[in-house]
Each structure stands twice: as C-alpha cells, then as structure tokens.
Amino acid sequence: YNSKNTLPKNYLHFAEKWGADIRPDTTVRDIRPLAGLQPDGARYEVHHQRSRGWSRPHGAPIRARHVIVSAGTLGTLRLLFRCRDRTRSLPAISRRLGTMVRTNNEALLGSVSRTAATDYSQGIAITSIFRADNVTTIEPVRYPAGSSAMRLLGGPMIDSGGLLSRLGQSALEIVRRPGDFLRTHLLPGWAERTTILLAMQWEDNRIRLRPGRSLFTGFRDDLVSEPDREATIPTKIEVGHQVTRTFAARSGGIAMGSVNEALFDIPMTAHILGGVPFGADAEEGVIDADCQVHGYPGLYVVDGSIMPANPGVNPSLTITALAEYAMSRVPAAARARAATG
C-alpha cells in the first residue's frame, strides 16, 4: 500500500532536499536566449505565468545558465513549437520537431464482469505481463475504486467496418444486450467489476505531431496528428481482441474495446513518445547526443519526447535511464554549480 514511486510523493520531495525550488500551478510560456553569457552566468530567461485563476498573472522571469525542458511529450512539443513558431524566441529549432512520434502500438481493451462477486479494483495496479505473440505483450491492469469515469473511454469490441457500419453495430449491441450496456456505461461500480487488458507491440510505427486545429482539439490551437504513410500505427491489434474475448468468456465478463477504436477506427495510447529526435545536426534531429537542442547550448530536453524507438512496454524506466544518461552528459562544472545552488 502506498509503495509506488510518484512525482508528488517522493521525486519532488528528494528534489527539494537537493535544493530544487518547486513552483506549482505555474506554466512556462517562453524560453528566451540572452545576448551571450551574462555576468550572473545566465544564458536564458524563462517566462511563466500562473496556471489557474481568472487573471493568471505573469511572474518575474527566471534567469538560468541551463534549462531542462521536461514536460512530457505533449507538453514539451507544445512549448518548443510555441518558442519556434509563435514567439520566435527559439527560431533555429530543427524542422524535425514533432516527427518520429511513437506509441507502444497499443490498445486499451478489457472485460467488465456481469456480477459483483469479485472486486477487481483491489490489489496492485499491474501484477503480470505475458507475450501473446512475437511482437505483442499484454498486461492485466486494475483501476482503483472511484475511477469509474474511465468507462467513458470504453466502447464495444468491433472488428471492422466504416463509421456508419460501426455505429450500426454499436446500436445493435445495445438493443440486443441492454443489460450489458447498463453494466458497462451506466451502473455504478465500474472499476470494481473491470479488468483492463493493455496490449502493446514493439513494431516501429509512428505519427507526426504539429500545431493546428481540429474537431478533436475543440478547434483550439493545439497539437494535431498526421499518419506516417510508411509505418502507420495500427487501429486494431488482432491478438488483443482474441485474448480479450477469451478472458471475458472465461470470467463471465463483457468484452470491451476503446470508443476511439470501436467507432472511429482511431488508435488510442497511454504512452505517447518521441517528437524530439536525436540527430548529428539540426537537419537530422532536434537534439544532439548530449540531449542539448541544436544551436542552443545549455538548453536540454529530457523526457519521453526524446525516446528514440518504441520499447513496446511501459516506458517509465527507459525514460528514467535516458534522464540519467542526459545528466551524465552535463559538464561536471555545471553539475557542481547546480549541486551547490
């Protein structure tokens, strides 16, 4: 109980012990290079504002010699695109930004029990993993009681068809099995009756992310995706469907897919990775072998956005290893300055 490593419970605690000044509810809006190395040692100004509230005031800029962007793939891409294309504070960022974005080629499937005989929410979130075929692994996952809003991501398990066909198949399932629809979408206790089956593959498929507007962004300026024609992320994992149907049949459950996959034939991911590729120069990638942005010494990117391939399993430890590698590449003198504040 309470043993999982998490950002607020222990990582930030240890960071503060080492001298980090943590500023919650703060959003970075711009990173501006200064005119050469300043007398105080700074090379950048980080501009930020409060994340919540009516006014959201801007705070005093933070000056730093080294800046590490570590906002996760989506947050990092949003910030770097903003600095390159909107504020133009970092106009030399590589045009490769947003390319080579990967997922774990995954599908969030599951089974909802028709009875409350077993409380599936009790226990460790992920206890096991098995290889379903040469490229696919599957993990049974628990969600804790009180997280039944996750059911909004669920949908019927549909194998093929266009949008109208999928909508028709979904409606037919509701008419044929209204009790199952109630259990999966309306009745309380969804988390207590559900086992998620997370299917992941390590084939190297990818997409591209860029700033834009779409129906899925509410027509706000945000990140939109484009498929990679050479290696498009699949919308269905066949062996995942087979395993889910078998699991549901043996446990007396209702096989479920995700609403994106079932209705719109669009893949879903819990592990968005990449978008800030390594490269020998700015023509080839956004960052160099030291995880520094080409053309901007002292500006590092260290998070899942620098993942150079699809690991095919939960990526957190791989991201941690990349972070440790990146810190080993920071010059020793800079590390000493950071350690002493």
For F247 and S111, which heavy atoms make the closest approach, and how far apart are they?
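F247 and S111 have their closest heavy atoms at CD2-CB, 3.6 Å.
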Which pair of heavy atoms, one from I233 and one from R206, lies closest together, and at what distance?
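The pair with the smallest heavy-atom distance is CG1-N, 3.8 Å.
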Using the rule side-chain hydrogen bond (donor to acceptor under 3.5 Å, both in side chains), only one of K236, R166, H241 pairs with E261; which is it?
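So the option named by the test is H241.
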Which residue in the set N105, T73, N310, N104 passes side-chain hydrogen bond (donor to acceptor under 3.5 Å, both in side chains) when paired with H271?
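Checked N105, T73, N310, N104 against H271; only one passes side-chain hydrogen bond (donor to acceptor under 3.5 Å, both in side chains): N104.
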Do [X] and [Y] meet the criterion of a side-chain donor-acceptor pair at a distance under 3.5 Å?
X	Y	result
S316	N314	no
E192	S121	no
T27	S51	yes
Q242	T246	no
R56	Q49	no

A side-chain contact here means heavy atoms from C-beta on lying under 4.5 Å apart; do L34 and R63 qualify?
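Answer yes - side chains close enough.
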Supply the atom-to-atom distance [X] [atom1] to [Y] [atom2], rounded to the nearest 0.5 angstrom.
X	Y	atom1	atom2	value
L273	S305	CG	OG	9.5 Å
N260	L153	CG	CG	7.5 Å
R329	D288	CZ	CG	8.5 Å
S148	H185	OG	NE2	12.5 Å
T103	I272	OG1	CD1	6.5 Å
I31	R82	CD1	CZ	11.0 Å

Considering only NZ, NE, NH1 and NH2 on the basic side and carboxylate oxygens on the acidic side, decide whether R32 and D30 come within less than 4.0 Å.
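Looking at D30 together with R32, the answer is yes, because their closest N to O distance falls below 4.0 Å.
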Donor-acceptor contact below 3.5 Å, side chain [X] vs main chain [Y]:
X	Y	answer
Y44	Y296	yes
H48	A60	yes
T76	A71	yes

Please check if V293 and I306 belong to a single hydrophobic cluster, counting links between Ile, Leu, Val, Met, Phe, Trp and Tyr side chain heavy atoms closer than 4.5 Å.
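Same cluster: V293 reaches I306 through Ile, Leu, Val, Met, Phe, Trp or Tyr contacts under 4.5 Å.
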